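Heads up, the thing below is written out as structure tokens.
Only a predicted model underlies this, so the values are computations on that prediction, with no experimental measurement involved.
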Amino acid sequence: MNVRTSAVIAVALFAGCTSSTSTATSTSAVAPTTTTTAVAMTAVTTAATTASTTTSAVAVTTTTIGPDVTKDRPYEVFVPTKYNSAAPMPLVVMLHGYTLTGALQEDYFKLQPLAEERGFLYVHPDGTQAAGDGAHFWNATDACCNFHASNVDDSAYLLSIIEEVQHKYNVDPKRIFLMGHSNGGFMSHRMACDHADKIAAIASLAGAMWNDVSKCSPSSPINVLQIHGTDDELVRYAGGIFAARFPSAEVTTADWAKLEGCDAQPVVQPLTLDLDRELPGAETTSYVYSGCTAGGSATLWSIAGGKHSPHLSDTFSAQVIDYLFAHPKP
């Protein structure tokens, strides 16, 4: 079975799962300039092997921001019931994997109930649909996943979403976070490279940094959490190649450690994290770099035996949110 066929089957299976019924409102982002081009060589899909119904909550009505010409890339802002315009609130932007959508990725991560419970603004936008096959993608790094050589600038598009949400809501500027899976993980790393002045921390599941680290020049310190299964069959833990080569999970984290001025070697913490419900016990090792520049850090959660789309434990997303919230800007 080739990768493209696998992608179609995986998405069909995922779409057949029960999806969440959220109440949210649409808005749109400032049209990005189109500057980045990548070479199409192959493809990778990221689809959850399981999904379940998520709990919806009431969202505050919003209005469209920006010119009408941007309505071809709408997004939804989930606003928890406890939102108070007088109190700054964190913002979490979640980025889906290749061929998926924000709604399908939400079925996997189930962040919306946490947004309601813990009180944060939540956006899960959709990437562009490729001209070649209609698959949603983010133009992240040269490795992943602009396989049809689109010139869309998703870095600018996502920044415009953040800025529009800031314009409409009282967003805490020290607590703007990104979380992504696979292609969305690659895009989270790209955003950390391009917009570290805006973003406090990112969490990437099965994504990777630029292979050429000189392409990443963060303008200020940022916190990075890399999460990766050692048995990832698509975005391999040891690195590999799609449209271009991408680094391993360990090199990705080590590169960020260098950029953040951390110690050369990480501190290995005991097996205390249970991120995959189908693997026995606490299967995840945490590698934490210390001595970093204030406001910056680099951490790797290595899931022993974990696949590309792990069978997420009931506490996975909460643990990731815990990490993000523990790493605001100074």
Point-to-point distance, once rounded to the nearest 0.5 Å, from [atom1] of [X] to [atom2] of [Y]:
X: M89; Y: K82; atom1: CE; atom2: NZ; answer: 7.5 Å
X: E76; Y: D126; atom1: CD; atom2: CG; answer: 9.0 Å
X: S220; Y: D197; atom1: OG; atom2: CG; answer: 5.5 Å
X: L100; Y: L95; atom1: CG; atom2: CG; answer: 12.0 Å
X: T315; Y: D274; atom1: OG1; atom2: CG; answer: 6.0 Å
X: E163; Y: L158; atom1: CD; atom2: CG; answer: 11.5 Å

Does any non-hydrogen side-chain atom of [Y] lie less than 4.5 Å from one of [X]?
X: K307; Y: D232; result: no
X: S217; Y: S219; result: no
X: L114; Y: V320; result: no
X: I199; Y: K329; result: no
X: P90; Y: L121; result: no
X: M94; Y: F109; result: yes
X: V235; Y: F246; result: yes
X: K168; Y: V77; result: no

Donor-acceptor contact below 3.5 Å, side chain [X] vs main chain [Y]:
X: E233; Y: H308; answer: yes
X: S204; Y: G180; answer: no
X: Y157; Y: T128; answer: no
X: S150; Y: V152; answer: yes
X: Q226; Y: T252; answer: no
X: S248; Y: V251; answer: yes

Single-linkage hydrophobic cluster [X]~[Y], side-chain heavy atoms < 4.5 angstrom:
X: L273; Y: Y237; answer: no
X: L300; Y: I227; answer: no
X: V288; Y: W256; answer: no
X: V171; Y: I222; answer: yes
X: V92; Y: L312; answer: yes

Ring-ring centroid check H327 F325, cutoff 6.0 Å: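 That pair fails the under 6.0 Å test.
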task: Could you tell me if the ring centre of F120 sits under 6.0 Å from that of F177?
output: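 F120 vs F177: aromatic centres not under 6.0 Å.
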message: Q105 and side chain to side chain donor-acceptor pair (under 3.5 Å): which single residue from H96, H181, K110, H136 fits?
response: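 Looking at H96, H181, K110, H136, the match for Q105 under the side chain to side chain donor-acceptor pair (under 3.5 Å) is H181.
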Specify the closest pair of heavy atoms between [X] and [Y], including all atoms of both residues, with the distance to one decimal.
X: D194; Y: S155; result: OD2-OG, 2.8 Å
X: A208; Y: T141; result: O-CG2, 4.5 Å
X: G134; Y: Q129; result: O-NE2, 3.0 Å
X: Y75; Y: P125; result: CB-CB, 4.1 Å
X: P328; Y: R175; result: CB-CG, 3.8 Å
X: N211; Y: P247; result: OD1-N, 3.5 Å

message: Between R118 and D322, does any side-chain N to carboxylate O distance fall below 4.0 Å?
response: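 D322 and R118: salt-bridged.
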query: Any Lys/Arg nitrogen of R190 or D154 sitting under 4.0 Å from an Asp/Glu carboxylate oxygen of the other?
result: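 No, R190 and D154 are not salt-bridged.
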Flag if over 12 foreign heavy atoms under 6.0 Å of CG, D314: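 Counting other residues, nucleotides and ligands, CG of D314 stays at 12 neighbours or fewer.
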- request: Please say whether more than 12 non-hydrogen atoms of neighbouring residues, nucleotides or ligands are located less than 6.0 Å from CD in Q265.
  value: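 Incorrect, the count does not exceed 12.
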task: Show your working on side-chain hydrogen bond (donor to acceptor under 3.5 Å, both in side chains) between E250 and Y287 and close with a plain yes or no.
output: CA-CA 9 Å; E250 293 176 359; Y287 299 86; 5.3 Å; no
- prompt: Could you walk me through whether S85 and N170 pass the side-chain hydrogen bond (donor to acceptor under 3.5 Å, both in side chains) check?
  reply: CA-CA 6 Å; S85 61; N170 189 354; over 6 Å; no
task: Please determine, by modelled atom types, if S297 and E260 share a side-chain donor-acceptor pair under 3.5 angstrom.
output: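 Per modelled atom types, S297 and E260 side chains form no pair under 3.5 Å.
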task: Check step by step if side-chain hydrogen bond (donor to acceptor under 3.5 Å, both in side chains) holds for T285 and Q269.
output: CA-CA 7 Å; T285 301; Q269 298 186 341; over 6 Å; no
Stepwise side chain to side chain contact (heavy atoms under 4.5 Å, CB included) test for F137 and C144: CA-CA 9 Å; F137 73 96; C144 183; over 6 Å; no
- request: Starting from the C-alpha separation in whole Å, work towards a yes-or-no answer on side chain to side chain contact (heavy atoms under 4.5 Å, CB included) for L259 and V213.
  value: CA-CA 9 Å; L259 289 169; V213 73; 4.2 Å; yes
- prompt: What is the ring orientation for W301 with Y323, classed by angle as parallel under 30°, tilted 30 to 60°, or perpendicular over 60°?
  reply: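 It falls in the perpendicular class, over 60°.
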Audit row: T299, V224, side chain to side chain contact (heavy atoms under 4.5 Å, CB included) steps and yes/no: CA-CA 6 Å; T299 300; V224 173; over 6 Å; no
field: Stepwise side chain to side chain contact (heavy atoms under 4.5 Å, CB included) check, H189 with W210
entry: CA-CA 8 Å; H189 283 292; W210 290 99; over 6 Å; no
